[in-house]
Amino acid sequence: MQTTLYAVMFYVAAAIFAGGLGLRVWQYARTPVPLKIPTTPAPITRAGATFRVLREVTVFESLFKSNKWIWLFGWIFHIALALVLVRHLRYFTQPVWTPVALAQPLGIYAGFAMVGALFVLWVRRVAISRMRYISDAFDHLILLLLLAIGATGLGMTFIAPTDIVALKGFFLGLMAFNWQPLPADPLLLSHLALVALLMVVFPFTKLLHAPGVFFSPSRNQADDARERRYAPRPLAKA
Amino acid sequence: MAKIAYQKLTDHSSFFWGLLGFHVLVIAAGLGAALYMEHHGHVVTGMSNQIVWGAPHVFAVFLIVAASGALNVASFSSVFNKLAYKPYARLSGVLAIALLMGGLAILVLDLGRPDRLIVAMTTYNFRSIFAWNIYLYVGFIAVVGLYLYVMMDRRVSRSETPTRIVGGFAFFWRFALTTGTGSIFGFLIARDAYSSAIMAVLFIAASFLYGLAFTVLVLLTMSRETRHELISEDMLGKFRGLFILFALAVLYITAVFHLTKLYAPDYREVETFLLRDGGIYTLAFWGGQIGIGLLLPLAILVLRGSGRHAWHAVAIAAPLFLIGGVAQMYFTIIGGQAYPLRLFPGMQVSSSFHDGAIAQYWPSLPEVLLGVSGVSLAMLLTGVALKLLPFLPRQASV
Amino acid sequence: MTEDKSVDEGRRGFLISSVAVATTFLAPGVTLYALGGDAAAAETAPASAKVRWGLLIDAAKCGDGCSACIDACSRAHGWQSTGHPETDPQWVRKITATDPKTGAGFSAPVMCQHCANAPCVDVCPTGASFKRADGIVLVDRHICIGCRYCMMACPYKARSFVHEPVADQKPDAPRGKGTVESCTLCASRIDAGGVPHCVEACKTKGHGAIVFGDLNDPSSDIAKRIATYRSTRIRADLGCDAAVYYTNI
Amino acid sequence: MERIETQDRDESPLYPDPLEIPALAYGAMAKSKPYPASAAHQAALGFPGELVDNWQEKAVAKLGELVANNRALRFYLDGCVRCGACTDKCHYFLGTGDPNNMPVARQNLMRKVYRRYFTLSGRIAPSLVGAEDLTREVLDEWYTYFHQCSQCRRCSVYCPFGIDTAEISMAAREIMDHIGMGQKYCNEIIGKVFKIGNNLGLPPKALKATLAGLEEEIEEETGVPVRLPLDEEGADILLVTPSADFFASPHMEGLIGYAKVLHESGVSWTFSSHASEAANFGMFIGSRENMQKVAQRIADAARDLKVKRIVFGECGHAWRVGYNFLDTLAGPFDFLDRRYPVPQHICEFTYDLIQQGKLRLDKSKNDHIRLTFHDSCNVARASRMGDMPGGQFEIPRAILRACCNHYYDMDPDTIREATLCCGGGGGLLTDELMDLRTKGASPRMKALREVADEHGVTHMAAICAICKAQFSKVLPKFGFDMEAIVSVHQMVSNAIVLTGSKQDEEANEADEQAGPVPAVAAQAETAEPAQAANAQEEA
Amino acid sequence: SQITLAVGEESKLVPHPPKGRGEHCVAATDIMRRNHMKLMKHQRDETVREGVRGKAFSLTGCVDCHAVKGSDGQPVSYADSRHFCRSCHDYAAVSIDCFQCHASRPGSEKPHAAQGIGSTALAAVAAYFQGGSQ
Ligand code: HEM
Ligand code: HEM
Ligand code: SF4
Ligand code: SF4
Ligand code: SF4
Ligand code: SF4
Ligand code: SF4
Ligand code: SF4
């Protein structure tokens with residue numbers, strides 16, 4: 001029963017996630033940038049600008065300049081999230097890619113780091129009046145959603161393990177359109193339901209910052225207005 | 001009182017990049033060595049069931065001892081209110097953390113099962129001084145981190161009080177830490193070379209010297225990098241005075257240590273071995289620690305330490321003290337193990353397990369690389385930290 | 001510690017995963033049995049604090065050139081020379097001692113002395129070195145990190161560090177690279193009611209130089225002998241309160 | 001808020017902290033609004049004269065159009081994660097404590113409308129994602145708070161995604177203009193540029209007279225006939241400068257400085273009466289059309305006067321438009337000499353001369369001044385000078401150091417790309433916003449107070465007409481002298497020893513030994529010919 | 001219901017660990033699949049620290065019952081990918097260090113564990129359980 005339910009749920013969630021995200025990325029890519037607006041001092045070459053974006057994505061450079069505490073916990077959260085997701089790749093690939101296999105033990109600590117950092121970020125949002133002022137309900141909800149995903153995940157790792165082999169079979173089955181049974185452990189079922197929810201909301205919320213950061217003109221433009229004439233394609237008159 | 005301005009490192013000289021690159025290479029080599037040791041087992045090192053702690057421990061203990069000493073400059077300003085040292089307080093905190101991390105990294109990578117680091121961090125035996133040390137180390141990093149924070153946060157640093165309180169606490173902690181490190185050896189009742197309470201005192205005195213030497217070396221290097229003198233002539237004189245003071249203290253305590261041991265009949269044998277018949281260990285002591293490490297730099301500082309040569313004298317003395325420090329650790333850690341345990345005092349013993357024999361030890365390349373890479377790690381961390389945050393003082397007017 | 005609950009949790013996990021009412025009903029029975037309900041009761045009993053196992057070694061009986069105890073230990077536990085004398089582990093070795101003044105001497109096996117105040121246990125940062133209720137000092141090699149501090153601390157040089165990868169271990173004597181090991185007083189044999197290999201081998205050889213028994217039990221052979229003959233312990237001055245006694249040294 | 005009363009500093013042993021985060025003062029600035037533009041002002045720019053009937057519909061439509069045509073706006077509205085990194089970065093927030101002056105809160109005013117009409121989540125569950133209809137209250141909030149943003153981009157520096165609130169407030173003003181809710185100050189001024197050629201409405205005749213007066217003044221002072229030519233065809237350089245330079249102190253002193261430097265360089269140059277204004281308020285109101293029209297005047301003047309180079313005077317946002325947008329809006333500039341960057345900043349010009357050792361500067365002439373430098377936002381964070389990133393920080397400082405002996409930087413967290421706005425930028429330099437301007441200036445004033453107390457700094461140099469005008473007004477409110485603000489080229493003007501001038505002769509007589517030397521070791525020419533050829537078209 | 005894997009369908013998507021000796025494992029298959037690591041760890045501590053021996057979840061016991069014969073008829077070691085433990089661990093990217101120390105093949109001595117499992121009553125219960133869950 002839960003196999004069918006979850007199989008359908010994941011097909012739908014994946015479709016919304018991929019479709020929605022693809023649409024947004026296509027929109028970002030297609031929208032013109034009428035003027036040169038890099039925030040200076042900026043790199044003066046394209047390669048330099050690319051490197052700048054990479055630094056923003058990997059080490060959150062601007063955030064580091066801005067606020068050491070947000071940087072610390074925000075960065076821990078994202079790196080941990082990345083590690084956890086890498087660890088999760090084992091459920092979707094067969095045979096498992098060697099680096100993914102090597103990263104397995106790291107993923108467990110990362111799980112703790114992720115949940116801990118999320119918690120601090122949330123406390124910050126609640127405790128500081130400036131943060132309260134700028135937060136709307138969803139800012140809290142998304143943190144709680146991620147916290148809940150992390151908590152159910154850690155629960156499976158440390159309290160009530162699930163049948164990983166069967167679970168992996170389920171997902172490989174989904175991808176091969178040859179359904180395999182899904183174990184009926186409450187923690188697993190909650191974890192998966194929450195993940196599906198995350199996938200559904202992703203393309204419609206602030207989580208768009210993940211693909212969007214690559215499109216931010218103030219960061220990805222090179223500061224070369226005098227060296228090469230900037231002439232974007234003409235505006236689409238509405 | 002004028003506010004002290006600080007700077008981060010910006011536009012780097014190729015010298016700086018070269019230095020960073022060099023340290024990265026050494027660290028890579030050290031990691032490679034650790035992997036090699038992990039893969040083949042410790043059989044590829046010079047360590048054995050007789051000499052169980054080798055070159056990595058020499059460097060690790062040296063760095064850990066130096067780490068607590070590096071905090072001194074900060075303590076002078078916050079605890080003893082010596083304002084002249086205040087501009088260097090941040091640097092000294094950063095350096096203390098970096099040196100400690102360098103030392104700990106070596107210790108961890110030398111473990112038989114480095115993969116069980118998490119075990120080491122989650123399972124404690126509270127009777128073990130070693131486990132206490134883990135707390136002391138982690139605590140030290142936390143306390144010094146907090147200390148840096150109260151010094152650097154715009155709002156907190158406006159009042160002197162937090163700096164005072166946390167600085168005092170950090171000062172207390174550093175004593176506990178060096179005492180703890182010294183006690184690792186002091187508590188080994190079975191090893192004649194160690195068992196003595198003066199061990200901890202000796203470590204404290206030594207830490208002052210090595211910590212200051214590291215601080216001064218970094219300041220001199222960074223003066224070059226920032227293209228202006230970070231040490232005023234006045235300060236140079238102060239540092240020189242401290243060097244002389246600390247070096248004399250180390251000399252004195254070392255003398256007391258060995259004299260009391262020589263005085264006790266039980267230990268006379270091991271002392272005779274170490275100080276007279278120990279070959280490489282005797283050489284490390286007299287030539288390394290006492291000669292190159294204390295007397296030579298003392299002579300340089302006393303004879304040529306003032307006037308025109310002051311700068312050079314300090315720049316030469318600091319590394320000599322550090323070389324002496326490594327020699328001291330080699331002599332203490334390895335010399336102390338080389339002398340056999342006495343299971344049957346007064347008897348001549350032999351066995352297939354090397355009972356009664358002076359142990360042979362020759363460090364292998366991997367373990368030396370691992371040890372040296374700890375020093376490089378400490379320097380790299382310092383360099384990167386100086387680049388990221390304003391730890392270095394800056395002359396007010398440009 | 002959370003592990004203590006893991007059997008219960010196993011049961012709970014099982015309960016959770018069972019949908020059929022019938023299985024839920026039966027499950028406790030299944031697990032109870034499965035957990036070894038009717039396995040030999042003696043074997044599952046934990047080590048008792050009432051006993052303190054010890055050895056009494058008579059140097060006078062220990063034969064010249066004999067190494068039967070050492071060989072037996074090595075054979076049973078799988079430690080042997082790999083051709084690197086400096087790093088090869090030796091759980092037990094035979095020490096020959098001569099008084100330089102008189103020329104008189106003795107030789108006897110020395111292994112872990114299973115100290116009551118064991119320095120190795122005191123210093124071990126993780127608690128991998130521990131003393132069982134019955135006085136046997138062991139290394140829990142599952143949490144030993146290989147720091148070798150215990151080796152620095154042991155006054156008897158009783159411990160060895162495994163410097164090389166090990167293959168083909170005995171099923172009953174797991175050992176592996178990167179951890180510290182030493183004489184276990186053949187704990188698994190003692191738990192099964194037997195005597196240590198070395199004791200057995202010496203007896204088989206006809207020397208009978210090693211006596212094994214419960215030091216706490218005044219009626220035991222070993223306790224009686226210690227009470228009767230003058231015996232000593234190595235480096236008794238250090239106050240480790242070893243469980244291995246020697247006579248005629 | 002009483003926070004800005006920082007004059008009685010003596011009692012407090014602590015230094016004022018320019019970056020001190022205030023407690024939230026809800027609605028503290030809700031009443032601050034600029035005067036609305038009159039119908040005439042609106043009409044001149046092609047905007048409806050008063051709030052149109054279907055304003056809501058039109059505003060939403062305009063927002064949609066802007067979002068569809070500006071990737072920056074689209075992503076900035078989508079991408080903010082409410083991390084809060086920017087909350088304490090805006091000088092208006094630091095000075096007022098009004099939470100709506102936190103950059104993210106300012107953006108949220110528009111974001112909530114965007115969410116409501118253009119995103120799925122906002123349509124389905126508005127309360128969850130803070131989406132709101134565009135009501136009259138919301139519109140009034142827009143008018144209030146989008147006129148409390150000086151578009152200084154300080155928030156953009158610190159945002160992990162580079163979200164630039166300036167882009168959002170520009171878009172908001174554009175939308176409001178389109179529904180007839182313009183702001184008087186900006187729109188009136190743009191109208192003047194269209195009609196007369198400059199912001200001040202200085203007609204060519206008056207301009208001519210002013211320049212002649214200045215020529216006299218300089219000759220009197222130095223004995224050298226330095227020229228200030230207007231509309232001279234065939235000159236090498238067209239100098240465009242903010243019209244304030246023709247008018248008020250300390251701008252005018254800067255203008256004299258340019259003239260002396262240009263004279264000394266020996267290059268021929270001219271002003272244009274058609275483009276007698278460097279400033280481009282079209283940017284402030286986010287109107288591309290108006291910005292384009294104003295920029296076009298410069299291109300036309302350059303073409304008409306057959307000059308080879310365009311040089312901009314000291315003006316922050318003018319330099320941003322010149323540096324980043326001019327070529328896009330009014331280019332290409334193939335008719336200019338492409339060995340020189342188009343356009344060039346007067347500081348770059350002066351700096352090159354100093355590098356080449358072509359200027360004689362007597363630093364001691366400025367010995368009565370202990371100086372600091374205020375990095376103007378638009379120069380610091382939206383443009384560049386020289387050929388290295390950050391040249392906009394180094395070049396003015398190098399010029400100042402070459403001109404005076406006592407130079408001190410302010411708190412490092414308040415200069416260079418972290419610089420604090422003067423409080424009057426972005427079209428807010430109008431009297432009815434004096435309260436806002438004062439509060440917005442307070443962080444900068446505290447930073448100035450610090451160096452004044454510590455190093456006895458007496459003067460602050462700036463390279464922006466708005467900064468200079470704003471500071472002359474607010475300095476006295478913080479216990480400083482009104483004259484404490486100086487132009488960078490004013491310092492040059494003080495120090496420069498013109499060949500053949502009275503000063504020159506005095507110096508020659510005095511001695512040769514302590515002759516003023518170029519401060520910086522001479523380097524090869526920095527103004528490398530720009531690669532004119534590869535002006536690039538994007539598909 | 002679908003509590004256990006449908007072992008019957010020889011799907012290539014999931015591994016099929018070789019069947020162990022005897023009828024069933026030391027606990028229900030479902031429990032073993034989920035919890036064997038915790039059960040073993042618990043027993044490990046009991047055995048090593050307290051001297052409790054002969055209980056069911058002994059590693060030696062697993063190795064004995066789950067020995068997989070190689071082509072030469074001898075049990076394969078953990079180095080061989082056919083080893084019972086590896087049949088799942090490779091699939092789930094789990095790496096264990098147990099066999100760095102422990103023998104991964106049964107020894108000659110008779111194992112302690114699993115002696116109590118002979119009971120026919122238990123076998124019946126287990127059979128019912130397994131039958132009911134397919
Ligand atoms: C390219 C990838 C990404 C980059 C560069 C990035 C960057 C950032 C940055 C700089 C912040 C602000 C700092 C903070 O509050 O943590 C942030 C916040 C956040 N990110 Fe990401 N992110 C990425 C991907 C993701 C993904 C995939 C998720 C979720 C599945 C995510 C979830 C969040 C959340 C929930 C916050 C808000 C934290 C808060 O409430 O304080 N991010 N991200
Ligand atoms: C369809 C996708 C997913 C599946 C099938 C899945 C499944 C699992 C499973 C089975 C575990 C237990 C791991 C173990 O016992 O070793 C787990 C743990 C965890 N999951 Fe997920 N998960 C999914 C998506 C996610 C996502 C998107 C996140 C984060 C936003 C996440 C966060 C975690 C965390 C933090 C843990 C605990 C740490 C760890 O074991 O790695 N999971 N997940
Ligand atoms: S077996 Fe007995 S006799 Fe032989 S060495 Fe050992 S103790 Fe001595
Ligand atoms: S003999 Fe050594 S290893 Fe054995 S218990 Fe005593 S101290 Fe520990
Ligand atoms: S080597 Fe192992 S047993 Fe010895 S002290 Fe270290 S952790 Fe404990
Ligand atoms: S008691 Fe067992 S482990 Fe110890 S020496 Fe004797 S045989 Fe070896
Ligand atoms: S651009 Fe400047 S004025 Fe506007 S919100 Fe950002 S910091 Fe404030
Ligand atoms: S810093 Fe950027 S992402 Fe963070 S709240 Fe401000 S605008 Fe949003």
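Lettering of chains follows the sequences in order, A, B, ..., and the numbering in each one begins at 1. What you see is a predicted model; the values in this text were computed from it and never measured.
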Please classify the contact of D:Met385 with chain A as side chain, backbone, both or neither, using a heavy-atom distance under 4.5 Å. backbone
Any carboxylate oxygen within less than 4.0 angstrom of a Lys/Arg side-chain nitrogen, looking at A:Lys36 and D:Asp327? no
Contact origin within D:Ala382 toward chain A - heavy atom pairs under 4.5 Å: backbone
Tell me which of these, D:Val129, D:Leu329, D:Leu326, has more heavy-atom pairs under 4.5 Å with chain A than the rest. D:Val129
Over all heavy atoms of both residues, which pair between A:Pro34 and D:Thr328 is shortest? Give the atoms and the distance, please. O-CG2, 4.0 Å
How about residues 65-74 of chain A versus chain D: which residues have heavy atoms under 4.5 Å apart? A:Lys65, A:Ser66, A:Ile70
Quick check: under 4.5 Å, non-hydrogen atoms only, which of residues 137-147 of chain A neighbour chain D? A:Ala137, A:Phe138, A:Asp139, A:Leu141
To the nearest 0.5 Å, what is the distance between CG (A:Leu35) and CE (D:Met283)? 10.0 Å
So for atom CZ, which belongs to D:Phe118, do other residues, nucleotides or ligands contribute more than 12 heavy atoms lying within a distance under 6.0 Å? yes
What are the two closest heavy atoms between A:Arg125 and D:Val81, and how far apart are they? NH2-O, 3.3 Å
Angle between ring planes, D:Phe75 versus A:Tyr28, binned at 30° and 60°: parallel, tilted or perpendicular? perpendicular
Where on D:Ala380 is there a heavy atom nearer than 4.5 Å to chain A: the side chain, the backbone, both, or neither? backbone
Only pairs of heavy atoms separated by less than 4.5 Å count here; which of D:Cys159, D:Pro99, D:Ala72, D:Pro343 has the most with chain A? D:Pro99
Carefully, step by step, assess D:Thr87 and A:Arg130 under the rule side chain to side chain donor-acceptor pair (under 3.5 Å). CA-CA 7 Å; D:Thr87 51; A:Arg130 277 178 292 139; 2.8 Å; yes
Scan side-chain atoms only and decide if D:Asn108 and A:Tyr133 contain a donor-acceptor pair under the 3.5 Å cut-off. no
Which of the residues D:Asn100, D:Val379, D:Asp413, D:Ile163 is involved in the greatest number of heavy-atom pairs with chain A at under 4.5 angstrom? D:Asn100
Got more than 12 heavy atoms from elsewhere within 6.0 Å of CE, D:Met388? no
D:Ala85 to A:Leu63 - nearest heavy-atom pair and separation: CB-CD1, 3.5 Å
With chain A, which of D:Asp88, D:Asp164, D:Thr119, D:Val67 has the greatest number of heavy-atom pairs at distances under 4.5 Å? D:Asp88
Between CG of D:Leu24 and OG of A:Ser129, what distance do you get to the nearest 0.5 Å? 4.0 Å
The criterion is side chain to side chain contact (heavy atoms under 4.5 Å, CB included); which residues satisfy it with D:Lys112, sequence neighbours excluded? D:Leu109, D:Glu132, D:Val138, D:Glu141
So, A:Thr39 and D:Arg381: side-chain donor and acceptor under 3.5 Å apart, yes or no? no
To the nearest 0.5 Å, tell me how far A:Asp224 CG sits from D:Asp387 CG. 13.5 Å
Please look at D:Leu120 and chain A and tell me whether the side chain, the backbone, both or neither of the residue comes under 4.5 angstrom of a heavy atom of that chain. side chain
Greatest number of non-hydrogen atom pairs under 4.5 angstrom with chain D, of A:Phe60, A:Phe64, A:Phe215, falls to A:Phe215
May I ask you to name which of D:Cys80, D:Cys83, D:Cys86, D:Gly64 has the most heavy-atom pairs under 4.5 Å with chain A? D:Cys83
Okay, D:Phe333 and chain A: the region with an atom under 4.5 Å from a heavy atom over there is neither
At under 4.5 Å between heavy atoms, what parts of residues 389-397 of chain D are in contact with chain A? List them by residue number. D:Pro389, D:Gly390, D:Gln392, D:Phe393
Is the side chain of A:Arg219 donor-acceptor paired with the backbone N or O of D:Phe161 at a distance under 3.5 Å, no angle test? no
Name the option with the most non-hydrogen atom pairs under 4.5 Å to chain A; the candidates are D:Leu73, D:Ile124, D:Val157. D:Val157
Nearest heavy-atom approach of D:Gln344 to A:Arg226 is CA-NH1, 3.9 Å
Chain A contact via D:Arg416 - which portion, at a heavy-atom distance below 4.5 Å: neither
Rounded to the nearest 0.5 Å, how far apart are CD of A:Gln27 and CZ of D:Arg74? 4.0 Å
What is the distance from atom CZ of D:Arg153 to atom OG of A:Ser218, rounded to the nearest 0.5 Å? 6.5 Å
Approximate separation, where rounding is to 0.5 Å, of A:Thr31 OG1 and D:Leu66 CG: 12.0 Å
Using every non-hydrogen atom in the two residues, find where D:Arg115 and A:Asp136 come nearest and quote the distance to one decimal. NH1-OD2, 3.8 Å
We want to know whether D:Ser121 and A:Thr205 form a side-chain donor-acceptor pair, criterion being a heavy-atom distance below 3.5 angstrom. no
